[in-house]
Q: 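Got a structure for you, written out below as structure tokens; questions coming shortly.
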Amino acid sequence: MTIFALPCEGTLDMARVNQDLGRYTKIDGVTYDEAGVTITADGKDHRFCMTDYAQGKCYGCTTPSAVLADTLLGQPVKVDGAAGTPPELALLDSMSLDERLAFWRGQMDRCLRCYACRNACPMCVCRDYCVSDSRDPHWMTQEDSAKEKLFFQTIHAMHLAGRCTGCGECQRACPVGIPIMALRQQIARAVAQLFDGYQPGLNPDEVPPLLGYEVVEKNIHERDWK
Amino acid sequence: MNFAYYPGCSARGSSKDYEMSTQAVCKALDMRLVDIPDWNCCGSTPAHAVDTELSAALCVRNLDIAAQQKAEVLLTPCPSCLSNLRMAAKRMENPAFRSRVDELLDGPSAKEFPPVTSVMQGIAAQMDMGAITARVRQSLKGLKLVAYYGCLMSRPAEVMNFGDPENPTLMEEMMSACGAEMLDFPLKTACCGASFGIPERPMTAKNSGRILELATRLGADAIVVACPLCQMNLDLRQDQASAAMDTKFRMPVLYFTQMMGIAFDLPEKELGLNKLCVSADGLIRKLGELRREEAAKPAEQKAKAAEGGR
Amino acid sequence: MPVLNGKELRIVGFLCNWCSYGGADTAGVARATQPTDLRVIRVPCSGRIDPLFIVKALLNGADGVLVSGCHPRDCHYAAGNFYARRRLEVLKQFLPVLGIDERRFEYTWVSASEGQRWQQVVTVFTDRIHKLGPAPQLDDPEPLLKIADMALTSLRSLGTGQKAALAELKEAIKAKLPELDCVIGWQQGYDAAHTVPLFMKTPEDVDKLVWGPFNVNNPAVYLPTFKGKKVGIVVKGCDSRSVVELLQET
Amino acid sequence: MRIGVFICHCGSNIAGTVDCAKVAAIARTYPDVVYADDPMYTCAEPGQAAIEAAIHEHKLDGVVVASCSPRMHEPTFRRTVERAGLNRYMLEMANIREHVSWIGKDMEANTNKAAELVQLAVEKLRNNKPLMAKSFDVNKRVLVIGGGVAGIQAALDCADGGVPVVLVEREATIGGKMAKLDKTFPTVDCSACILGPKMVDVAQHSNITLYAYSEVEDISGYVGNFTVKIRKRSTYVDWSLCTGCGACTEKCPAKKTPDAFNELTGTTTAITIAFPQAIPKKAVINPQFCRQLLKGKCGVCAKVCPTGAIKYDMEDEIITEEVGSIVAATGYDLMDWTVYKEYGGGTYPDVITSLQYERLLSASGPTGGHVKRPSDGREPKNIVFVQCVGSRDKSVGRPYCSGFCCMYTAKQAILTKDHIPDSKSFVFYMDIRAPGKMYDEFTRRAMEEYGTEYIRGRVSQIYPDANGQMTVMGVDTLLGQPVEIKADLVVLAVGVEASKGSPQLAEKLRISYDSYGFFMESHVKLKPVETNTAGVYLAGVCQGVKDIPASVAQGSAAAAKVLALFSKDKLESDPQIAQVDIRRCVNCGKCIRCCPFGAIKEVEIRGEGKAQVIETVCQGCGLCTSTCPQGAIQLSHATDNQILAEVNALCQC
């Protein structure tokens, strides 16, 4: 495999872009400037500045240039500071346990169970053999309930534990815009905390943390039962 | 630095010399011992054998005072007091017991008591042996001593936590810090029989006699102790012990504080050496001669001697 | 079957056959009285326990889930519990984001000889669950809709990448193309404001390659379909991490 | 499916706190359950017969037995259903005794819980499939680890049974602790005389390969097919040439070498043969004391050796052996008694261990069988024996009884009287434990015929007094008086602990061990020789404290287990192993990465890479199943669907 790469300056959050474009019949064209783009739809101009309309992941992105490439053109981009809590996770953090339950209840009611999230995920190796639609093993019913849908999100998140690079395709592909990144982000945070700041997708030689172990785990401690 | 201090009854009576020397030595190590106000007997009388709650109450009252004084730690010279105070504090962890004791004291006592520790451990916690050596003015180098802890200081292990209950070594460390040569003393934690001093006189005499006999045979110049009862038995009753072993012991029995006092070259009257029944004069004389001989020797050795000969 | 209403809560236990199940037996043989809530599912090894079993239980009405295996180093299968330890710990930290109290799930180690310890574990855990009370169910609460605040400051300057060396990149790709079956990238989609994947096989295809803020999707998703083929791929920084992760696993 | 359910009363063990009839009634309402009954004793002959009858009568194709723990009777009931023509894996058990009736008295709660556990079993059973065992070849050779009396017995019995034996001994000679003993209780016959012949048999038996001065380095494989790496430690003597003539030991100048065989009671030479009856009777150089090896000059032994066997440049050698079964007989060591500071903590020369005293008594010992005090070589007149030093003593972390000390102490008291007629022996004891055949009579003899004075109580202090005697202070708890005895020699009956390195060996064998390092048997009462690892058996003290007759008996028992195992040409592999659904497998390799046994390999099937389970290697832990994202690899009898069925049975609101 050969990897070609250019330093990335960010990509647009098309969900929010479309929201602000509103209803239109035809896009006449796009003009670019350094800081953003101007989209002309039905003769009307809409300017979108990158700093306001980038995808959530782009703001906290620490790897604008490819971490591994055979052909890497352009200058490396300077990144200052470490990524903070991503917006989706921050939202969940701000809630109580009961609120979170209610939140997912609401979000899952909106889920169409279209599996776009799964199909867009580059780390979903199962492809046509996803447990969500198999009978053996029979992990899920086909019932269209919040429970089943949230359970599927959990399956996806768990299968990605220690592997998800936070590329955000699942959430971007969601036709109803459910912030399902939050689930992956929570696990990523746990994995980083447990395994010395481990971040997936930086070093091809590393073993994914959940496919390995230490006899003595530095950050996992026996609880006492007194 | 100030320390809350519980002298205990004997400090004001039979073991005045212990009290004096303790005060003097601690002063020399700038540890000021401040009596807790209006303290009372710790119940280290038959009380604890007769009525645990009553004897605990006696201790708790003292602990309570110390707590009101906001003392960080309470020091006491007497192992018997120490063990009673600690026992009481431990028993008070049981709510039922606590409520009964509070009743006896009419009024709830402090939720938390300051930890109680012996003067010996107090000193050790305060400074390392090097610091003690540094304070030595007249090294005990050349003296052969045995440390006798008695049965109380290290037992029960979980309450007293004084190192290996069968083989404590703190007193040896302190004495050798003062330059003395400490002989291995297998009977260091044997019982001197004090608690049977009245009803079982002969047995007491035999127990003490055994200790004196071994110390004499090992060629010790003196026995160093840290317990008023042990001291009384081995010193005041040395003749009885001699009789029991039909021999004549002449074994000075000094408190470790008196020994340190000597090493620190503190005035004899501050150490209450005159209160000893078996005189320590011979010991002092021997020490004097040793030091004079040394003084005669070349200077650099003298320097060494000042370091406590270590 | 319903739990004894008011009396019991639903507590599910997953026990490894060799240590903890034996420990529970030992407790029984010793007639060590325990709360009755726990229902034990016997598995060969704690390593067999898929964390999803636990989520399944918790989402479907379990008030508590207890997992117990052999002590580290004592696993009958050498290392099963070492893997379990990592996975269960991650699960424990994951649960709260779903709105599930992590105290409702616990894992521990009990050996076949530790009947007393087992009694202690069951008693303590059951008490804990009773203190927490019945678990709230996903269907109970009124839906709560909130939206994340996207007003963020970036760690680096964002832009539209107009100065990017696209031309050179195309040359580089063309140069490599002969030895590759295909190179994955982006091309303009049905209008100027959208891109779609581009699979370059000829130099002409390469000319269609575009670069910019509309290159939203992650081409790495197509890599597995090219398994065994000589494939090239154009990536953004984030995409490259997916590629690296895929490399880790093959 | 047609399921039959049997709720066992287990007399009153279950029925006492569970309404078995009610549970049976509830069970009848479960899907596919066509028959339910509550017999008095299901495991008893009539109970099992009833199950077989029901299977025939009601055409059952699955059975649930609710009774004791499956760890107890699963094999029993599997055989039962098999006799009735069902596949043994069409049985499920609900543990309503250890997990229900024995841990609570609340009838209502227990009955409800029992019914639920039965429901779990039914739901699991509905997902069960018949499993067929595969068979594989057995390598009919056995490895015996440890050449003490237990290991020797196991080795000889196996060898006599026609099985080739590999015997590995850590020391330079076999014989273990028994070889160091002078006499044995209760018959007071010479230890060497009864053990010697057995040792010679080992040396001469055509079926036994002996690796002395060797240790087990690594063990891999599984029952029937173990591969063992053995480290032959360097002896610096080529044993193929050494005749054991002893010329080297006479000439060796390093005469101050501590004598390990004599428990350090005497000294020996740097090159030495442990003792006259040693097997193999070969010389070994102790590199810590050999002048040639330390300073590079001496070489006397090389000069005097008539066969030129000395090899100063010899190195360790690793040998690989293939065996089908393993017997662990690693024995014991004495605990480090120097923690007893009140006994001098090892500083008094005349306070010795009982094993050292054996050497002083032994004619082949350092004193030629004349009892002499280590300090001044004088013959002791007053000997005090202190029992339970490091036994039954929580304060030093040794709460267990070492079992045989009471007996050998009595023996040593008797021997002392024989050696020194004008001597007087005292024994401080806690309780006298003499339950064996002729044992109590023996201790009585020590007291009544030999006038040994037994004092019930512990010793508080031992210290040397004036004329080189030891003062032993203790208490006589029967008289309630302190006692004090002047002793010329004090012998401590030091408690035993598992031999050094037992935990490490247990790891290699993949068997469990307790907190003291003793190996864990499969079942305390019913499987005292087996371990939880198939094909690995235990003999002697390594499994728990026992005396010579018991060790010998267990050695033979272990041999019987090995011979029984080897009586089959092929073994059945447990079908409860992982299976790959190649249609679902995407060859992501996660299972291959995790498997602790390397039991999964990648194979090419119709041009596609797929995972494949090596059936004989798979141990059935199921780690792969919980690792595979698409559930393509399933552990038979514990599949996702079977466990999910149980979860769903419990959680379905």
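Within every chain, numbering begins at 1; the chains are lettered A, B, ... in the order of the sequence lines, protein sequences first and strands thereafter.
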Q: Does any heavy atom of chain C fall under 4.5 Å from the side chain of L97(A), the backbone, both, or neither of them?
A: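 L97(A) touches chain C through backbone and side-chain heavy atoms alike.
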Q: Is V79(A) in contact with chain C via its backbone, its side chain, both, or neither, using a 4.5 Å heavy-atom distance?
A: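 Looking at V79(A), backbone and side chain both touch chain C.
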Q: Report which part of T154(A) has an atom under 4.5 Å of a heavy atom belonging to chain C: side chain, backbone, both, or neither.
A: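 Contact with chain C: backbone and side chain both.
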Q: Do R100(A) side-chain atoms and P96(C) backbone N/O form a donor-acceptor pair below 3.5 Å?
A: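 Such a contact is found between R100(A) side chain and P96(C) backbone.
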Q: Considering only heavy atoms and a distance below 4.5 Å, find which of L247(C), V234(C), L152(C) pairs most often with chain A.
A: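 The option with the most such pairs is L152(C).
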Q: Of all of C58(A), A120(A), C167(A), S96(A), which one pairs up most often with chain C through heavy atoms under 4.5 Å apart?
A: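 Between C58(A), A120(A), C167(A), S96(A), the count favours C58(A).
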Q: Less than 4.5 Å apart, side chain to side chain, heavy atoms only: is that true for E222(A) and T108(C)?
A: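 Yes, close enough: below the 4.5 Å cut-off.
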Q: Going by distance alone, is a donor N or O of one side chain under 3.5 Å from an acceptor N or O of the other, for Q162(C) and E9(A)?
A: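 Side-chain D/A pair, Q162(C) to E9(A): absent.
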Q: Looking only at atom types and distance, does a side-chain atom of T11(A) sit under 3.5 Å from a main-chain N or O of P213(C), one as donor and one as acceptor?
A: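 Between the backbone of P213(C) and the side chain of T11(A) there is no qualifying donor-acceptor contact (under 3.5 Å).
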Q: Quick one: does any side-chain atom of K147(A) pair with a main-chain N or O of D139(C) as donor and acceptor, under 3.5 Å?
A: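 No, K147(A) side chain to D139(C) backbone: no donor-acceptor pair under 3.5 Å.
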Q: Are side-chain heavy atoms of L68(A) and S240(C) found at a separation under 4.5 Å?
A: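 SC-SC contact between L68(A) and S240(C) ruled out.
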Q: Kindly indicate whether the side chain of Y59(A), heavy atoms from C-beta on, has any atom under 4.5 Å from the side chain of L158(C).
A: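 Yes, at least one pair of side-chain atoms sits under 4.5 Å.
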Q: With a 4.5 Å cut-off on heavy-atom pairs, point out which of A82(A), C164(A), G84(A), G212(A) contacts chain C the most.
A: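 Maximum pair count with chain C is reached by G212(A).
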Q: Using non-hydrogen atoms only, which part of E168(C) is less than 4.5 Å away from chain A: side chain, backbone, both, or neither?
A: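 Both backbone and side chain.
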Q: Could you tell me which of N81(C), I147(C), D239(C) has the largest number of non-hydrogen atom pairs under 4.5 Å with chain A?
A: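 Of N81(C), I147(C), D239(C), I147(C) has the most heavy-atom pairs under 4.5 Å with chain A.
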Q: Between E206(A) and R241(C) (salt bridge meaning N to carboxylate O under 4.0 Å), is one present in this structure?
A: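 Judged by the 4.0 Å cut-off on N to carboxylate O distance, E206(A) and R241(C) do not form a salt bridge.
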Q: Between F214(C) and Y32(A), what is the ring plane arrangement, given parallel below 30°, perpendicular above 60°, and tilted in between?
A: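 If you compare the ring of F214(C) with that of Y32(A), the planes turn out perpendicular.
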Q: Is chain C contacted by the side chain of Q107(A), its backbone, both, or neither, given a heavy-atom distance below 4.5 Å?
A: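 Contact with chain C is through both the backbone and side chain of Q107(A).
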Q: Only one of L138(C), L58(C), N60(C), V55(C) passes side-chain contact (heavy atoms from CB on, under 4.5 Å) with F151(A); say which it is.
A: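 Passing option: V55(C).
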Q: Below 4.5 Å from any heavy atom of chain C, which atoms of N219(A) appear? Answer side chain, backbone, both or neither.
A: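 Interface part for N219(A): neither.
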Q: Looking at V77(A), V191(A), L183(A), which makes the most heavy-atom pairs under 4.5 Å with chain C?
A: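 Looking at each option in turn, the highest pair count goes to L183(A).
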Q: Specify the closest pair of heavy atoms between P143(C) and D109(A), including all atoms of both residues, with the distance to one decimal.
A: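 Taking every non-hydrogen atom into account, CG-OD2, 3.9 Å.
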Q: Out of A90(A), P208(A), G74(A), which one racks up the most heavy-atom pairs below 4.5 Å with chain C?
A: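 Most heavy-atom pairs within the cutoff with chain C belong to P208(A).
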Q: Is L144(C) close to R105(A) at the side-chain level, that is, under 4.5 Å between some pair of heavy atoms?
A: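 SC-SC contact between R105(A) and L144(C) ruled out.
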Q: Looking only at heavy atoms, what is the nearest atom pair of W104(A) and V97(C), with distance?
A: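 Minimum heavy-atom separation between W104(A) and V97(C): NE1-O, 2.8 Å.
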Q: Just so I know, are the side chains of I3(A) and V235(C) near enough to count as touching, which here means a heavy-atom distance under 4.5 Å?
A: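 They are in contact (side-chain heavy atoms under 4.5 Å apart), so the answer is yes.
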Q: Let me know if R110(A) has heavy atoms under 4.5 Å from chain C in its side chain, its backbone, both or neither.
A: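 For R110(A), the contact with chain C is made by the side chain alone.
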Q: Select one option (side chain, backbone, both, neither) describing which atoms of P224(C) are under 4.5 Å from chain A's heavy atoms.
A: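 Looking at P224(C), just its side chain touches chain A.
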Q: Tell me, do R86(C) and F195(A) make a side-chain contact under 4.5 Å, heavy atoms counted?
A: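 Side chain of R86(C) against side chain of F195(A), heavy atoms only: contact under 4.5 Å found.
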Q: So which residue, D28(A), T51(A), V207(A), N203(A), ends up with the most heavy-atom pairs under 4.5 Å with chain C?
A: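 Counting heavy-atom pairs under 4.5 Å, the top option is N203(A).
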Q: Please classify the contact of D181(C) with chain A as side chain, backbone, both or neither, using a heavy-atom distance under 4.5 Å.
A: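 Neither part, no heavy atoms under 4.5 Å.
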Q: If I compare all heavy atoms of L155(C) with all of G81(A), which pair ends up nearest, and what's the gap?
A: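 Taking L155(C) first and G81(A) second, the nearest heavy atoms are CD1-O, 3.9 Å.
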Q: Using non-hydrogen atoms and a 4.5 Å limit, figure out which bit of L202(A) sits close to chain C: side chain, backbone, both or neither.
A: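 When you check distances to chain C, atoms from both the backbone and side chain of L202(A) fall under 4.5 Å.
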Q: Looking at G159(C), G161(C), P219(C), A148(C), which one has more heavy-atom pairs under 4.5 Å with chain A than the rest?
A: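 Highest number of pairs under 4.5 Å: G159(C).
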Q: Where does N119(A) contact chain C at under 4.5 Å (heavy atoms): side chain, backbone, both or neither?
A: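 For N119(A), the backbone is the part near chain C, not the side chain.
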Q: Tell me, for Q193(A) versus chain C, whether the close heavy atoms (under 4.5 Å) come from the side chain, the backbone, both or neither.
A: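 Side chain of Q193(A) only, per the 4.5 Å heavy-atom cut-off to chain C.
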Q: Name the region of N218(C), side chain, backbone, both or neither, that has any atom closer than 4.5 Å to a heavy atom of chain A.
A: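 Both backbone and side chain.
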Q: Could you walk me through whether L169(C) and F4(A) satisfy the side chain to side chain contact (heavy atoms under 4.5 Å, CB included) test, starting with their C-alpha distance in whole Å, then the side-chain angles of each, then the deciding distance to 0.1 Å, before giving a yes or no?
A: CA-CA 8 Å; L169(C) 180 67; F4(A) 305 90; 3.7 Å; yes
Q: Is F125(C) close to chain A through its backbone or its side chain, or both, or neither, when contacts mean heavy atoms under 4.5 Å?
A: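 Both the backbone and the side chain of F125(C) come within 4.5 Å of chain A.
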Q: If you count heavy-atom pairs within less than 4.5 Å of chain A, which of K229(C), K230(C), H194(C) leads?
A: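 Max contact count across the listed options: H194(C).
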Q: Has S242(C) got a side-chain atom pairing as donor or acceptor with P122(A)'s backbone, closer than 3.5 angstrom?
A: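 Absent.
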Q: With a 3.5 Å distance limit and no angle check, can you tell me whether R85(C) reaches the backbone of V215(A) through a side-chain donor-acceptor pair?
A: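 Confirmed, R85(C) side chain pairs with V215(A) backbone.
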Q: Is chain A contacted by the side chain of T225(C), its backbone, both, or neither, given a heavy-atom distance below 4.5 Å?
A: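 For T225(C), there is no contact with chain A at all, as no heavy atom is under 4.5 Å.
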Q: For F53(C), is it the side chain, the backbone, both or neither that has a heavy atom under 4.5 Å from a heavy atom of chain A?
A: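 It is both, since atoms from each part get that close.
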Q: Under a 4.5 Å heavy-atom cut-off, does chain A meet the side chain of E179(C), its backbone, both or neither?
A: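 For E179(C), there is no contact with chain A at all, as no heavy atom is under 4.5 Å.
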Q: Does a side-chain N-to-carboxylate-O contact under 4.0 Å join E88(A) and K146(C)?
A: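 Looking at E88(A) and K146(C), the cut-off is not met.
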Q: Report which part of L194(A) has an atom under 4.5 Å of a heavy atom belonging to chain C: side chain, backbone, both, or neither.
A: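 Side chain only.
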Q: Output the option from A102(A), G10(A), P87(A) having the highest count of non-hydrogen pairs under 4.5 Å with chain C.
A: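 Heavy-atom pairs under 4.5 Å are most numerous for A102(A).
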Q: Can you tell me which portion of I220(A) sits under 4.5 Å from chain C's heavy atoms? Options are side chain, backbone, both or neither.
A: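 For I220(A), the side chain is the part near chain C, not the backbone.
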Q: Check whether E34(A) gets within reach of chain C through its side chain, its backbone, both or neither, counting any heavy atom under 4.5 Å.
A: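 E34(A) touches chain C through backbone and side-chain heavy atoms alike.
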Q: Go through the atoms of R163(A) and report whether side chain, backbone, both or neither lie under 4.5 Å from a heavy atom of chain C.
A: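 When you check distances to chain C, atoms from both the backbone and side chain of R163(A) fall under 4.5 Å.
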Q: Using non-hydrogen atoms and a 4.5 Å limit, figure out which bit of A41(A) sits close to chain C: side chain, backbone, both or neither.
A: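 Interface part for A41(A): neither.
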